[in-house]
Q: 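Here you go, one structure.
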Protein chains: 2
Amino acid sequence: MVLLNPPAGTRQGPDRRAGGRRLDADARRDQLTRIGVELARRVPPDQISADEVARAAGVSKGLVFHYFPTTRDLQVAVLRSSTAELLARLGTDHAAAPSDRLLTGINAFVAYIEEHPAGYLATARGIGSDPGSMEVFEETRAGVVDIMRRALGTPELPAGLRIAIRGWIAMVEESVLHWVEDHPVPRDQLVAFLHRAALDLMPQAMAMGAGTLVPTGPADPAVFDLRS
Amino acid sequence: MVLLNPPAGTRQGPDRRAGGRRLDADARRDQLTRIGVELARRVPPDQISADEVARAAGVSKGLVFHYFPTTRDLQVAVLRSSTAELLARLGTDHAAAPSDRLLTGINAFVAYIEEHPAGYLATARGIGSDPGSMEVFEETRAGVVDIMRRALGTPELPAGLRIAIRGWIAMVEESVLHWVEDHPVPRDQLVAFLHRAALDLMPQAMAMGAGTLVPTGPADPAVFDLRS
DNA sequence: TACCTTCTTGACCAGTAGTCAACAAATGGC
DNA sequence: GCCATTTGTTGACTACTGGTCAAGAAGGTA
């Protein structure tokens, strides 16, 4: 019960555990982040604890707090590292035409979610209210918007188009997350639908804020009535 | 320092604070939930603590834990109570035509977010990874889908259409949350865009899973190339 | 060897979620 | 009016976990 701080010299042997060897700062930080990303496949990112990461790495909890001042910082680093991979996979295929690059991107996104369904669900919805995590979310979504901007070949996006692109990205995310639960329609039809949706929505989105109110093409209210 | 449990009779006076009077179980539970909803306007729902609610209600922390076994249960009750109001506001206007009901619903949603921008952002994205909270999220989204199903006048939705509706809802949410930050386009144009998007997407969605692959209308890949 | 820098440790502390035995306000006979 | 039972309520207590810090070990350098 009486465990007073032993001010000197009561130190046990080296105790070289798995990752316990001395590493330089960057290597250690990377190692801890990697271990966190590993853990995030099983545990939602907002439930990763410094203690857990420390145990998995074979180091002391204090060391983890040395590199990540708060648990949130650790979680944000894990989150950022995870989303970086997704962004990297979406931005390929630079030579093709915009419409084809878009299709490739949608396929890559579906593939990514098929690989880590639980993990992506946790990072997409299990963000929590932490400002740092929300910032990563924002960065990621902005990153996807920027990939689309480059695919479109324009230096900047009109406000209406930017809003529509963000909305469309959310639609893709939600559709795929819901689809992956039980695959109720063929995969290629889902992809085609989302691709087609982008092609249809963007021209109208450009009209937003430009004075003209959705002037292009037909829009028959009756198509929205299944009883007809 | 030595505060041993006084096993008998050391109890101070009645101490009737604001809400400290004896209430029957249902009334007390409702009161605590209401206070939680109040708090949720300032604090993200996943940061509401039993202690805080207890203080605001003028009762002991133990009492809150009597009604809500865990802090999560409290937060989920708050969340559910909040989203119930939103659903109630979206499902009105039963007499109008489907397309008009849709428009009314979009307007109601935009109005709701304009009233509680921070609160909605926190509940939409700050859900966290708690299973209970995710369940409320699912219930809410399913509720909106059902409102649209009734507006369409059909007893059940084809799989492809259900996916598309969920996707469209996510698009509306994301677009409006982004729009409300700085209102870069006129409100009515945003609403018109989202309305038009639904009218355009749903017919194509119905084709999903029905064998035919997006057969209706024009789809020119060139419209997706701003350089043209 | 002595010295310095940098990485690492583990005892400790603080705050908070959750428990529980006891208490008190109503309620219902008698 | 009084006693017994039920049920809402309390607050001291415990357990756990995020975070601190003084001290030490490992490696480099002269």
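Model, not experiment: these values are computed from the prediction. A, B, ... follow the sequence lines: proteins, then strands. Residue 1 opens every chain. Side chains included, hydrogens not; waters and symmetry mates left out as well; all remaining heavy atoms used.
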Q: For Glu38(A), enumerate each residue passing the salt bridge (Lys or Arg N to Asp or Glu O under 4.0 Å) test, keeping only those at least two apart in sequence or located in another chain.
A: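 With neighbours one apart ignored, the set is empty.
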
Q: Rounded to whole Å, please give me the gap between CZ in Arg29(B) and P in dT9(D).
A: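 Atom CZ in Arg29(B) sits about 12 Å away from atom P in dT9(D).
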
Q: Check nucleotides 16-18 of chain C against the protein and report each pair of N or O atoms closer than 3.5 Å, with its distance, or say if there are none.
A:
from    : atom 1 : to       : atom 2 : distance (Å)
dA17(C) : N7     : Lys61(B) : NZ     : 3.3
dG18(C) : OP2    : Thr71(B) : N      : 2.6
dG18(C) : OP2    : Thr71(B) : OG1    : 2.8
dG18(C) : N7     : Lys61(B) : NZ     : 3.3
dG18(C) : O6     : Lys61(B) : NZ     : 2.6

Q: Which residues pass the salt bridge (Lys or Arg N to Asp or Glu O under 4.0 Å) test with Glu138(B), not counting sequence neighbours?
A: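 Per chain and number, Glu138(B) pairs via salt bridge (Lys or Arg N to Asp or Glu O under 4.0 Å) with Arg125(A), Arg166(B).
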
Q: Check nucleotides 2-5 of chain D for protein N or O atoms closer than 3.5 Å to its own N or O atoms and list the pairs.
A:
none

Q: Heavy-atom nearest nucleotide on DNA chain D for Ala25(B) versus Gly62(B): which residue maps closer to 5'?
A: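 The 5'-side residue here is Ala25(B).
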
Q: Please determine, for the side chain of Arg22(B), which listed nucleotide (dT9(C), dT7(D), dC7(C)) has the closest atom?
A: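 For the Arg22(B) side chain, the nearest candidate turns out to be dT7(D).
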
Q: For Glu181(A), what residues pass the salt bridge (Lys or Arg N to Asp or Glu O under 4.0 Å) criterion, not counting sequence neighbours?
A: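 Glu181(A): no salt bridge (Lys or Arg N to Asp or Glu O under 4.0 Å) contacts found.
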
Q: CG of Asp26(B) versus P of dT7(D): gap in Å, rounded?
A: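 To the nearest whole Å, that distance equals 13 Å.
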
Q: Can you name the side chain to side chain donor-acceptor pair (under 3.5 Å) partners of Arg55(A), sequence neighbours left out?
A: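 Applying side chain to side chain donor-acceptor pair (under 3.5 Å) to Arg55(A) gives Asp51(A).
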
Q: If you measure from the Lys or Arg side-chain nitrogens to the Asp or Glu carboxylate oxygens, is any gap between Glu173(A) and Arg141(A) under 4.0 Å?
A: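 Salt bridge between Glu173(A) and Arg141(A), a charged N being under 4.0 Å from a carboxylate O: yes.
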
Q: Distance check needed: dT19(C) P versus Asp73(B) CG, whole Å only.
A: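 Answer to the nearest Å: 11 Å.
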
Q: Salt-bridge test for Asp30(B) and Arg34(B): reply yes if a basic N is under 4.0 Å from a carboxylate O, no otherwise.
A: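 Salt bridge absent between Asp30(B) and Arg34(B).
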
Q: Once you round it to whole Å, what is the distance between P of dG19(D) and CG of Leu63(A)?
A: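 After rounding, the reported distance stands at 16 Å.
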
Q: Looking at Glu115(B) and Arg89(B), does any basic side-chain N land under 4.0 Å from a carboxylate oxygen?
A: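 So Glu115(B) pairs with Arg89(B) through a salt bridge.
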
Q: Starting at CZ of Phe68(A) and ending at P of dG18(D), how long is that distance when rounded to a whole Å?
A: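 Spelled out: CZ on Phe68(A) to P on dG18(D) is 15 Å.
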
Q: Could you check how far CZ of Arg55(A) sits from P of dG10(C), rounded to whole Å?
A: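 Nearest whole value for this atom pair: 14 Å.
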
Q: Under 4.0 Å: is that the gap between some side-chain N or O of Tyr67(A) and OP1 or OP2 of dC7(C)?
A: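 For Tyr67(A), the contact criterion (side-chain N or O under 4.0 Å from OP1 or OP2 of dC7(C)) is not met.
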
Q: Is it the case that Arg28(B) and Gln31(B) place a side-chain donor and acceptor less than 3.5 Å from each other?
A: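 Side-chain D/A pair, Arg28(B) to Gln31(B): present.
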
Q: Is there a side-chain contact between Arg28(B) and the phosphate of dT9(D), meaning an N or O under 4.0 Å from OP1 or OP2?
A: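 Arg28(B) to dT9(D) OP1/OP2: side-chain N or O found under 4.0 Å.
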
Q: In whole angstrom, give the distance that lies between atom NE2 of His66(B) and atom P of dG11(D).
A: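 Those two atoms, NE2 and P, are 16 Å apart.
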
Q: Could you state the atom-to-atom distance from CD of Gln31(A) to C1' of dT8(C) in whole Å?
A: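 Going from Gln31(A) (CD) to dT8(C) (C1'), I get 13 Å.
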
Q: Does the side chain of Gln75(A) reach to within under 4.5 Å of the side chain of Asp130(A), using non-hydrogen atoms?
A: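 Contact flag for Gln75(A)/Asp130(A) side chains = no.
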
